[in-house]
Amino acid sequence: MAAAAAAARALPVGSGLQGLQRTLPLVVILGATGTGKSTLALQLGQRLGGEIVSADSMQSQEMGTGKVIDLKVELEKEDGHVLHKRLSQVDPEMAAKLHPHDKRKVARSLQVFEETGISHSEFLRRQHAEEGGGPLGGPLKFPNPCILWLHADQTVLDERLDKRVDDMLAAGLLEELRDFHRRYNQKKVSEKSQDYQHGIFQSIGFKEFHEYLITEGKCTPETSNQLLKKGIESLKQVTKRYARKQNRWVKNRFLSRPGPNVPSVYGLEVSDVSKWEEFVLKPALDIVQSFIQGHKPAATPIKTSHNETENKRSYHMCDLCDRIIIGDREWAAHRKSKSHLHHLKKRRKLDSDAINTIERQSISPN
């Protein structure tokens with residue numbers, strides 16, 4: 001979820017800071033797609049002389065697979081309920097926290113067990129127990145993290161993302177997709193081995209145009225145009241949903257977890273790009289330079305309210321809806337949902353009808 005980070009370096013003795021050895025901060029720039037993370041990373045890197053390291057999730061995933069068999073990917077090909085049953089046998093504690101439909105997390109927990117011989121629950125406990133460990137896991141690898149979160153008004157960001165899709169199309173996105181389909185995807189589709197759940201195929205932009213690509217030239221121009229419009233609209237919608245997911249991840253990962261070892265996060269408002277220098281670049285430079293100089297920034301880190309008693313991994317079974325719900329907040333939301341209330345109303349009516357039938361039978365003459 002982090003787009004870029006300026007790598008930490010140590011200043012040598014006699015570098016101008018009173019001859020003291022000082023570790024420079026690791027600057028992490030967080031934010032949803034379209035908020036300007038790469039732009040800010042480049043500007044900070046140029047002005048402060050830092051290295052820029054991409055932390056794109058898809059790039060990391062591609063680098064980690066290649067001809068090497070990824071155990072997690074292989075596990076994800078199996079049925080979710082089968083995986084969850086296997087996990088419950090080797091790590092019942094973690095299984096109780098994960099939904100059977102969440103194949104990726106279930107597979108990840110099984111991967112930890114199969115590669116280390118230790119249950120994922122025990123693995124995490126050991127991490128948290130290490131000196132410097134906390135709610136986020138084990139001790140931080142870098143001792144001086146400076147975390148910046150770029151955030152924008154949701155309506156403004158939605159409009160920006162729609163325009164971004166239009167700009168990508170104008171810059172030749174469709175031709176790139178056609179070329180990729182011709183060179184790599186066409187054979188997989190014919191072999192029915194195409195998988196939009198793993199590797200580069202799960203990237204936003206491929207699966208949204210699947211119908212258009214496989215039928216192009218094989219249907220009427222009207223149908224092709226409709227499929228193209230459908231793909232464009234789908235790409236815009238999924239991009240906006242992804243941005244919301246990224247922001248939820250930042251909030252859940254950094255802002256809603258109390259603890260002495262959770263790093264502070266400094267927010268930067270990026271809704272008005274015409275005031276980038278004033279609202280984004282200058283405050284970011286001030287914050288980073290404070291870290292470099294070894295003193296607390298004048299800016300106040302973001303704080304959000306949290307419920308310390310809330311259990312995000314609690315297990316709830318709704319017999320009415322035949323669903324498993326994980327988390328206190330999700331359970332409360334489910335109980336207020338239209339679906340649950342519909343089933344509740346239906347159950348009450350059935351119970352009422354049954355009571356009325358019993359009462360009529362009890363008072364009717366033999």
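Worth knowing before you read on, the calculation uses all heavy atoms, side chains too, and leaves out hydrogens, waters and symmetry mates.
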Q: Mind checking the CZ-OH spacing from F291 to Y266? Nearest 0.5 Å is all I need.
A: 4.5 Å

(Q) Is the shortest side-chain heavy-atom distance between T215 and T223 below 4.5 Å? (A) no

**Q.** In one Ile/Leu/Val/Met/Phe/Trp/Tyr side-chain cluster, 4.5 Å: L227, I232
**A.** yes

Q. For S121, what residues pass the side chain to side chain donor-acceptor pair (under 3.5 Å) criterion, not counting sequence neighbours?
A. D91

(Q) If you compare all heavy atoms of H334 against all heavy atoms of H340, which two are closest, and at what distance to 0.1 Å? (A) O-CB, 3.1 Å

Q) Can you find a pair of side-chain heavy atoms, one from P25 and one from I292, that are under 4.5 Å apart? A) yes

Q) Which is it for N247 and W149 under the side-chain contact (heavy atoms from CB on, under 4.5 Å) test, yes or no, and what are the steps along the way? A) CA-CA 9 Å; N247 281 326; W149 178 35; 3.4 Å; yes

**Q.** Residues that H342 engages under ring-ring contact (aromatic ring centres under 6.0 Å, His included), provided they are two or more places apart
**A.** none

Q: Evaluate the side-chain proximity of L174 to F209: yes if any heavy-atom separation is below 4.5 Å, no if none is.
A: yes

Q) K85: what forms a side chain to side chain contact (heavy atoms under 4.5 Å, CB included) with it, not counting sequence neighbours? A) S88, Q89

Q.
Quick test of your reading: applying salt bridge (Lys or Arg N to Asp or Glu O under 4.0 Å), list the pairs with at least one residue in residues 222-238, sequence neighbours left out, ordered by first then second residue.
A. D166-K236, E211-K230

Q.
E216 vs R178, test: side-chain contact (heavy atoms from CB on, under 4.5 Å). Steps then yes/no.
A. CA-CA 10 Å; E216 191 176 21; R178 288 190 189 102; 2.9 Å; yes

Compile the donor-acceptor pairs under 3.5 Å between side chains in residues 155-164 and protein atoms, sequence neighbours left out, one pair per line.
from : atom 1 : to   : atom 2 : distance (Å)
D158 : OD1    : Q154 : NE2    : 3.1
D158 : OD1    : R244 : NH1    : 3.2
D158 : OD2    : R244 : NH2    : 3.0
R160 : NH1    : G34  : O      : 3.3
R160 : NH1    : V270 : O      : 3.4
R160 : NH2    : V270 : O      : 3.0
R160 : NH2    : S271 : O      : 2.9
D162 : OD1    : K240 : NZ     : 3.3
D162 : OD2    : K240 : NZ     : 3.4
K163 : NZ     : D167 : OD2    : 2.9
R164 : NH1    : T33  : OG1    : 2.6

Q: Please report the shortest heavy-atom distance between S109 and M94, naming the atom on each side.
A: OG-CG, 3.3 Å

Q.
Are L40 and V273 linked, directly or through intermediate hydrophobic residues, by side-chain heavy-atom contacts shorter than 4.5 Å (ILVMFWY only)?
A. no

(Q) For the backbone of I29 and the side chain of K37, can you confirm whether one donor and one acceptor N or O come within less than 3.5 Å of each other? (A) no

Q) Is L48 reachable from L150 through a run of I, L, V, M, F, W or Y residues, each pair having side-chain heavy atoms under 4.5 Å apart? A) yes

Q: Kindly give the heavy-atom pair with the smallest separation between E269 and A152, and that separation in Å.
A: OE2-CA, 3.7 Å

**Q.** Gap between atom CD of E74 and atom NZ of K72 - 0.5 Å precision
**A.** 12.0 Å

Q: Determine whether F123 and F113 fall in the same hydrophobic cluster, where Ile, Leu, Val, Met, Phe, Trp and Tyr are linked whenever their side-chain heavy atoms lie under 4.5 Å apart.
A: no

Q. What's the shortest heavy-atom distance between A243 and A32, and which atoms?
A. O-CB, 3.5 Å

Q.
Tell me which pairs pass salt bridge (Lys or Arg N to Asp or Glu O under 4.0 Å) where either residue lies in residues 106-121, with sequence neighbours left out.
A. R86-E114

Q | Qualifying salt bridge (Lys or Arg N to Asp or Glu O under 4.0 Å) pairs with a residue from residues 331-349, counting only residues at least two apart or across chains | A | K349-D353

Q) Which atom pair, heavy atoms only, marks the closest approach of I147 to S264? A) CB-O, 3.7 Å

Q. Any donor and acceptor pair, going by atom type alone, linking the side chain of H120 with main-chain N or O of L87 inside 3.5 Å?
A. no

Q) Among all residues two or more places apart in sequence or in another chain, which pass the salt bridge (charged side-chain N to carboxylate O under 4.0 Å, His left out) test with K103? A) none

**Q.** Residues clustered with W331, ILVMFWY side-chain links under 4.5 angstrom
**A.** I325

Q) When rounded to the nearest 0.5 angstrom, what distance separates CG in L177 from CE in M168? A) 8.0 Å

Please table the atom pairs, donor to acceptor, closer than 3.5 Å between any side-chain atom in residues 274-289 and protein atoms at least two apart or in another chain.
from : atom 1 : to   : atom 2 : distance (Å)
S274 : OG     : D272 : OD1    : 2.4
S274 : OG     : D272 : OD2    : 3.4
W276 : NE1    : Q43  : OE1    : 2.8
K282 : NZ     : D286 : OD2    : 3.2

(Q) Quick one, K207 and V238 - any side-chain contact, counting heavy atoms below 4.5 Å? (A) no

Q) Judged by atom type as modelled, is there a donor-acceptor pair below 3.5 Å linking the side chain of H84 to the main-chain atoms of H99? A) no

Q) Can you tell me how far CG of L24 sits from CD of Q293, rounded to the nearest 0.5 angstrom? A) 11.0 Å

Q. Nearest heavy-atom pair of V112 and T116: which atoms, and what distance?
A. O-OG1, 2.5 Å

(Q) Clusters formed by hydrophobic residues whose side-chain heavy atoms approach within less than 4.5 Å: which one holds V82, and what are its other members? (A) none

Q.
Is there a path of hydrophobic side-chain contacts, each under 4.5 Å between heavy atoms, that joins L228 and F180?
A. yes

**Q.** For H343, all residues meeting ring-ring contact (aromatic ring centres under 6.0 Å, His included), sequence neighbours excluded
**A.** none

